[in-house]
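Residue numbers start from 1 in every chain, and the chains themselves are labelled A, B, ... in the order their sequence lines are given, proteins ahead of strands. Note that the structure is predicted; figures quoted are calculated from it, not measured. Heavy-atom basis, side chains included; hydrogens, waters and symmetry copies ignored.
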2 protein chains.
Amino acid sequence: MIQQVSEKQAREAVGDDPRERLLLAAGREFAERGYEAATVRDICLAAGANGAAVNYYFGDKRRLYIESVKHAHEQRVRQVPEPKWAPGTPPQQKLRDFLGNTLERMLGFGQPPWQVRLMLREVLQPTEACRELVEDYFRPHFDLLVSILAELAGSRLDEPHLRRLAVSVMGQCFVYRAAGDVVGMLVPEEELATLHTLDELADHVSAVTLAALGAGPALTLSTGSHTAAASESRSL
Amino acid sequence: MIQQVSEKQAREAVGDDPRERLLLAAGREFAERGYEAATVRDICLAAGANGAAVNYYFGDKRRLYIESVKHAHEQRVRQVPEPKWAPGTPPQQKLRDFLGNTLERMLGFGQPPWQVRLMLREVLQPTEACRELVEDYFRPHFDLLVSILAELAGSRLDEPHLRRLAVSVMGQCFVYRAAGDVVGMLVPEEELATLHTLDELADHVSAVTLAALGAGPALTLSTGSHTAAASESRSL
DNA sequence: AATTGATTGAAACGCCTGTTTGAAACGGTG
DNA sequence: CACCGTTTCAAACAGGCGTTTCAATCAATT
């Protein structure tokens, strides 16, 4: 009874397309529990659809999963588009903006985005959906980073070395998404709230990278907001 | 028939303790397939034990899992112990050694160690076994890194900032373990074989960290083996 | 050799899974 | 209104899951 009311609400909020509702519910469930642990029944219940609907629209649990991954990734790209810069923007600021954007995508301050959790599962244990995800979503982002690093490096580093540095940069962000719980256990709570926020981390990774490139000073204690772009949302 | 022969072989190779055999088979299976997808039946088959054995020795699939995680981690610690240095060893070399050790643990050149895969699952999605894993295994390693960084930083950085940098350092290694497949898709194959080997990566992360600390030069193309300790196993 | 407690074995138990079924309800078209 | 392809539904299906059962076996003690 109560179930039916919330079904109707969900139906009206999301739209009347049952296929869409299934994709959404499936994404959430797969992200939360993983492929094996998520059940078709729970997904259909959450989507307000019958158990046979998944078979009707997707034929299969596996194909529902693949479609839900693609769906989530398309949705996420629309949510956090890549930053654009006016020509002549200094590469230091580009790097800082890029890192803010990346951390926003990964950590998704506001609400923890299930889409990212779902994509993370693909990264950690690639299935059929992964290759597509890399080409459409990760590669452009990664190439953009490489181009920014190239601007900063001048002719001191070639593309292979730039790519390796780019992996280092992404790794520093990625660890907070993938191993956030462990980081939370290793670092005191009050430190997490002050030094490991989105803005602070963007500044920090930016500083490390610039120093590695010889395009900025080494780390010091007085690294408040050494880049102009950092002064947007200071919450603490 | 053939099954029974291999059972006997496994029994003799590993030792006659069925509990041990179960822990080993369980670790391998859980690491490969994940908790939900791994079945008690397969584990018992691989261990050459009866289906009732897991209930007899551990009572439960969940408790078997927890015990197998602990077992794997204890085993892994014995396999790759932390490096020890003579007093007076320069911190630059300590850092390089530490990174080689860390990457060895994580990437486990030689054979891909299922123990690490199993622990990785705990890191990404902590269960009951995680807290213990962090305190016994990760925290000492992490603290050691922080102490090395402290030596290198002198008084330029305080502990909170050192910890943040330590997360950056670990992140650069971690990304290769957790997202290795995606890295492999983003970086050309010949580059992987030359610039992303264990030794090369240890040199690279070391160089980035030293530059960030102001304890070393910025990255350049001629970074062969800028630290003396790097000249052990040059394979390419 | 008999007894006892610990261990192993084959079989079965519910339960929950993904999937299928066939009929009912729907919604536009003649 | 009758028609018909599309979509929904409740119910059931076979199969695999973790777990339990209880008798058979083993190893050591009496």
Please test B/Q115 against B/H73 for side-chain contact (heavy atoms from CB on, under 4.5 Å), starting from the C-alpha separation and ending with a verdict. CA-CA 7 Å; B/Q115 293 101 333; B/H73 119 73; over 6 Å; no
Separation of [X] atom [atom1] from [N] atom [atom2], in whole Å?
X     : N      : atom1 : atom2 : answer
B/Y35 : D/dG18 : OH    : C1'   : 9 Å
A/R62 : C/dT17 : CZ    : P     : 17 Å
B/R21 : C/dT7  : CZ    : C1'   : 12 Å
B/Y57 : C/dG9  : OH    : C1'   : 13 Å
A/L22 : C/dT19 : CG    : C1'   : 15 Å

Do the charged groups of A/D199 and A/R96 touch, with an N to O distance under 4.0 Å? yes
Does a side-chain N-to-carboxylate-O contact under 4.0 Å join B/R33 and A/E36? no
Which residue pairs pass the salt bridge (Lys or Arg N to Asp or Glu O under 4.0 Å) test when at least one of the two sits in [range], sequence neighbours left out?
range                       : result
residues 132-143 of chain B : B/K70-B/E132, B/E135-B/R139
residues 179-193 of chain A : A/E191-B/R163
residues 118-129 of chain B : B/R62-B/E128

Would A/K61 and A/Y35 count as a cation-pi pair here, with the cationic atom under 6.0 angstrom from the ring centre and within 45° of the axis? yes
Assess whether atom CD of B/E32 is packed by more than 12 heavy atoms of other residues, nucleotides or ligands within 6.0 Å. no
Got a list of protein N/O to nucleotides 20-27 of chain D N/O distances below 3.5 Å?
{"unit_1": "D/dT20", "atom_1": "OP2", "unit_2": "B/N55", "atom_2": "ND2", "d": "2.5"}

Roughly how far apart are A/S68 OG and A/R63 CZ, rounded to 0.5 Å? 14.0 Å
In this structure, which one of A/L120, A/V123, A/T102 forms a side-chain contact (heavy atoms from CB on, under 4.5 Å) with A/R177? A/L120
Can you tabulate the close N/O pairs, meaning under 3.5 Å, that link protein atoms to atoms of nucleotides 12-17 of chain D?
{"unit_1": "D/dA12", "atom_1": "N6", "unit_2": "A/R41", "atom_2": "NH2", "d": "3.3"}

The correct list of stems in which DNA chain C takes part (3 or more consecutive Watson-Crick or G-U pairs, distances under 3.5 Å) is C:1-30 with D:1-30
